[in-house]
Each structure stands twice: as structure tokens, then as C-alpha cells.
Amino acid sequence: MSIHLQAHAFAGNPLRSNKLVQSPNSALEKLKSLLLRGSEEDSTLEVKILAFRKGRPLAQSLDPVGDSPPVWHLSWISPSQFKEVSVDSFVYLGSGEGEDEAYWAVEVADTATSRLGGGSDGFCFVELRTLMVATDWTDTGAMGELSIAGHARALLDWHRTSRFCGHCGSVTVPIDAGRRKQCSDESCKKKIYPRVDPVVIMLVIDKENDRALLSRQSRFVPRMWSCLAGFIEPGESLEEAVRRETWEETGIEVGQVVYHSSQPWPVGPSSMPCQLMVGFFAYAKSFEIRVDKAELEDAQWHDREYVKRALIAADYKKSQRTAAIRVNEMCKGVEKGQSLSADFKVESDKFSPMFIPGPFAIAHHLISSWAHDERAPRELEVDQRQPSSSVSNL
């Protein structure tokens, strides 16, 4: 069956969709005031802070109700808990629906606010990838919280990796409530903006033989296959990147490139704070595979029915439920610090020789929409004079 989402995981951030009722600098002045007072005398101002430790957001979990799995939530903490944390460490995430609601994120050291996230208080610092798997993709509220956590982590990781000016080497300082940085050298004053690393991810299609090209990397768990992907190089269009990466990794020549959708991906390598996955269908002009073993473990053509059977056999709900239960245990201190970074495998009673990444990944939706013939990508006219056309996203 096909899974439809209103937005990809990490997209649809409700704080970003709200109008900025108060400017970032105005919100920062109010935060400074609260931190200096060490209390929250101004009850009309709602300031909420999301703490991170080693890139993990602070979360809590509600026990299951009936047959439903546990539900995790972000743990928003009041400014009074962060009196010893420098105001320059905070990044502004946005406004809530109320006039005075302001949301912030901060990375805290193991020693700072050590009482948080110990499990005994019902809170735990949880890997973002773990929360990603544990999120019920049919729950709009839960998906919104995941996107907030992703945005916050991307900003905090960027602050960590941009401590010095790339132009003159001087120390950088945050401006605009942590949404920008600036060189501290008066003769430079170069502004630095949050880093986004664009990546093309493509499902290569053999239209004539009704097949799709899937690949494996050595880091994948056993039997997992996915789309080809690669970073865009300077001076290169998205379509050119699709064609180049496909040729370099598999020796397949691509003609028409058709846009599908895009997804923020803040759970990549820590040196790359936030990737933007830009998804495409790519139509093959040649079909003999030549795998670059330095990049891939394997690449193979798979026919539509084979891929459909793999999607049907996968129990994505079971995987989500298992992850949600583990998050609940971690928040109770049962499995403190456990990571599910390798627990993306989804099994059911129906064994399949391969499986596809879950609904949290854009690769799933590229593969699923082709396998179920949605919006009929194989029926698009392949015309090399047309550099690209678009397919509406989710």
C-alpha cells in the first residue's frame, strides 16, 4: 500500500509557518531580562526553551493508552533552569500562536543543568534519528514537533561548526538572536548564514522495461536498498548533478530529470548541519550497470512488482511502535543513552529479500509513488529538449 503524508519528516515546522509577532532581537531582549532575573515574574511572557545535549533534544514520553503505542513530546523548559548558561548560546526558533510566545533552543554541557534528562524526571536526551523512527507519521502534531527539533539541531550544529570566520579566521559572534553570525574583527565584520548542504536523490527508471535502479551502501543494514544520491557541486544545476552522480556511481546515462519533492535532512553527518534532499525521477538512456565500489556496495535493476511486494511485506508501523516503546523506556531511565541508529529495518511475518527505508525518508516516497504508479511518472514524455518538468509532491 502507499503511505501519504501532508509533508515530509522534518518539513512543515509550525513555528516557521507562524508570522514573527516579535522580532528576533526583541525576543532576545526579553530572554536576557528573564535570565538576569533568574525568575519568571513576567507571567504574561511565555518563553520556552528546548535543551540539547550532544545533538540530542530533550524529550518525554507518555505511557500508551490501550493498544496505542507511547507518544513522545519535546520537553520545553523555562528560562529559570538556564541561569548559568550564556545568552549567546541560545538560538531563536520562532513565535507561537500567542503574541508573547517565544521558542528557543540551547546546547548544554554534561555538567550544566545535569539534573535534566536523567530518566528519573521522565525526561531524556534522545537521538534525533531515534525520535524520527518513533514518530507516528499520521500524527500532524508529532510530525510538527519532529520538524521543530530538526530545525533546532541544524541551527545548533551550525553554530558549533562556524566558530571562526572563513574569511579572516577571527572568532564569530551570534547576531539576530542566533539566526546569523558575524565576524568579531572590526575590519572584517563578515556576516555568516546558516549552512545548508543540497543533495540530489533520484529514482532512476527504465521506462521500457518497467524497472527502477536501487542501490546499497556498505553502511546499510542487511537487505536495505534505496535511491542513488549525491551532493551538488559548485556551478552545477540540480539536473546536471542527477546525471553526473548516476553516471559516476553506476555507469548509467540519464536523460529526462523530473522533480518530485524535497526534504530537510538534519540527521546527516555532524560536519554537515543540515542537508536538503531534492528528489527526482530520472529516466535512463543506458542500462548496463557499472558499480563504483568506492561509493556503493551494489546497484541492481528491480521490476515494479518486486518492489511492490517488498513495500507490502514491510511493517513500518511495527518499526514505529518498537521505537516509540524504546523512547518511553529511555525516558524512564530503563535504557538511558541507547541509540537506534541501526534500527531502521522493518520486518513483518512476510519475509522479503529486500526492504525500503521507512516513511520518514524521501527515498521511501520516491520508490513508493513509482511502484504504485502514482501520477504515472513512467507515462511522462521523455523529451531531451525539455530539461525538466515537475510532479507535485506529497
Side-chain angles (χ1 to χ4, degrees), residues 1-4 199-218 220 222-230 238-261 277-293 295-314 346 350-359 361-394:
M1 70 177 186
S2 184
I3 296 170
H4 296 276
V199 179
V200 289
I201 180 168
M202 48 279 185
L203 182 68
V204 179
I205 298 168
D206 173 3
K207 179 183 176 183
E208 297 302 322
N209 297 297
D210 205 19
R211 304 180 298 178
L213 183 66
L214 300 180
S215 64
R216 275 190 51 77
Q217 296 184 24
S218 57
F220 285 3
R223 296 188 292 108
M224 188 175 89
W225 293 75
S226 190
C227 300
L228 297 174
L238 296 168
E239 293 83 1
E240 288 169 332
V242 168
R243 297 186 181 104
R244 175 186 54 78
E245 283 287 346
T246 303
W247 172 257
E248 289 177 354
E249 295 188 352
T250 65
I252 299 295
E253 186 178 0
V254 163
Q256 188 189 33
V257 176
V258 181
Y259 175 75
H260 178 270
S261 60
M277 311 297 292
V278 189
F280 295 92
F281 294 119
Y283 291 86
K285 294 172 62 179
S286 66
F287 310 102
E288 183 178 349
I289 300 172
R290 186 186 67 251
V291 176
D292 179 356
K293 291 294 185 179
E295 295 288 337
L296 301 176
E297 182 179 280
D298 198 6
Q300 295 179 13
W301 291 108
H302 298 274
D303 66 56
R304 188 188 301 268
E305 290 305 314
Y306 185 85
V307 174
K308 285 176 70 173
R309 286 197 297 272
L311 287 166
I312 292 170
V346 285
K350 302 176 182 177
F351 177 82
S352 175
M354 76 173 214
F355 67 92
I356 309 301
I362 188 175
H364 175 95
H365 301 284
L366 284 167
I367 296 168
S368 177
S369 61
W370 169 78
H372 295 285
D373 207 17
E374 294 168 2
R375 300 174 182 85
R378 65 173 175 169
E379 295 176 6
L380 290 170
E381 186 68 28
V382 179
D383 184 350
Q384 297 312 308
R385 296 170 298 177
Q386 308 258 348
S388 70
S389 57
S390 69
V391 173
S392 67
N393 64 358
L394 308 174

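Numbering starts at 1 and runs along the sequence shown.
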Tell me the closest heavy-atom pair linking [X] and [Y], and the distance in Å.
X      : Y      : answer
Gly230 : Val199 : O-CG1, 3.3 Å
Ala299 : Val291 : N-CG2, 3.7 Å
Val254 : Ala282 : CG1-CB, 3.7 Å
Trp247 : Glu253 : CE3-N, 4.1 Å

Rounded to the nearest 0.5 Å, what's the gap from [atom1] on [X] to [atom2] on [Y]? Could you check?
X      : Y      : atom1 : atom2 : value
Leu311 : Tyr306 : CG    : OH    : 11.5 Å
Lys285 : Thr246 : NZ    : OG1   : 13.0 Å
His365 : Cys227 : NE2   : SG    : 11.0 Å
Ile312 : His372 : CD1   : NE2   : 6.0 Å
Leu214 : Leu296 : CG    : CG    : 11.5 Å
Arg211 : Gln300 : CZ    : CD    : 11.0 Å

- From CA spacing to verdict: side-chain contact (heavy atoms from CB on, under 4.5 Å), Ser261, Ile362: CA-CA 8 Å; Ser261 60; Ile362 188 175; 3.8 Å; yes

Between [X] and [Y] (side chain of the first, backbone of the second, donor and acceptor by atom type, cut-off under 3.5 Å), is there such a pair?
X      : Y      : result
Trp301 : Phe287 : yes
Ser369 : Leu366 : yes
Arg216 : Met224 : yes

Once side chain to side chain contact (heavy atoms under 4.5 Å, CB included) is applied, do any residues pair with [X], and if so which ones, sequence neighbours excluded?
X      : value
Arg244 : Glu233, Glu236, Ala241, Glu248
Glu305 : Asp303, Lys308, Arg309
Ala212 : Leu203, Trp370

- Message: Exactly one of Val242, Ile252, Val257 should register a side-chain contact (heavy atoms from CB on, under 4.5 Å) with Val204. Which one does?
- Response: Ile252

- Step by step, would you call His302 with Trp225 a side-chain contact (heavy atoms from CB on, under 4.5 Å)? CA-CA 10 Å; His302 298 274; Trp225 293 75; 3.8 Å; yes

- What orientation do Phe280 and Tyr259 show, parallel under 30°, tilted 30 to 60°, or perpendicular over 60°?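 Plane angle over 60°, so perpendicular.
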
- Message: Test of understanding: with salt bridge (Lys or Arg N to Asp or Glu O under 4.0 Å), list the residues that count as partners of Glu240, not counting sequence neighbours.
- Response: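 For Glu240, no residue satisfies salt bridge (Lys or Arg N to Asp or Glu O under 4.0 Å) once neighbours in sequence are set aside.
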
- For Glu208, all residues meeting salt bridge (Lys or Arg N to Asp or Glu O under 4.0 Å), sequence neighbours excluded: none

- Message: Restricting to side chain to side chain donor-acceptor pair (under 3.5 Å), what partner residues turn up for Glu295, sequence neighbours left out?
- Response: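 Here no residue qualifies.
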
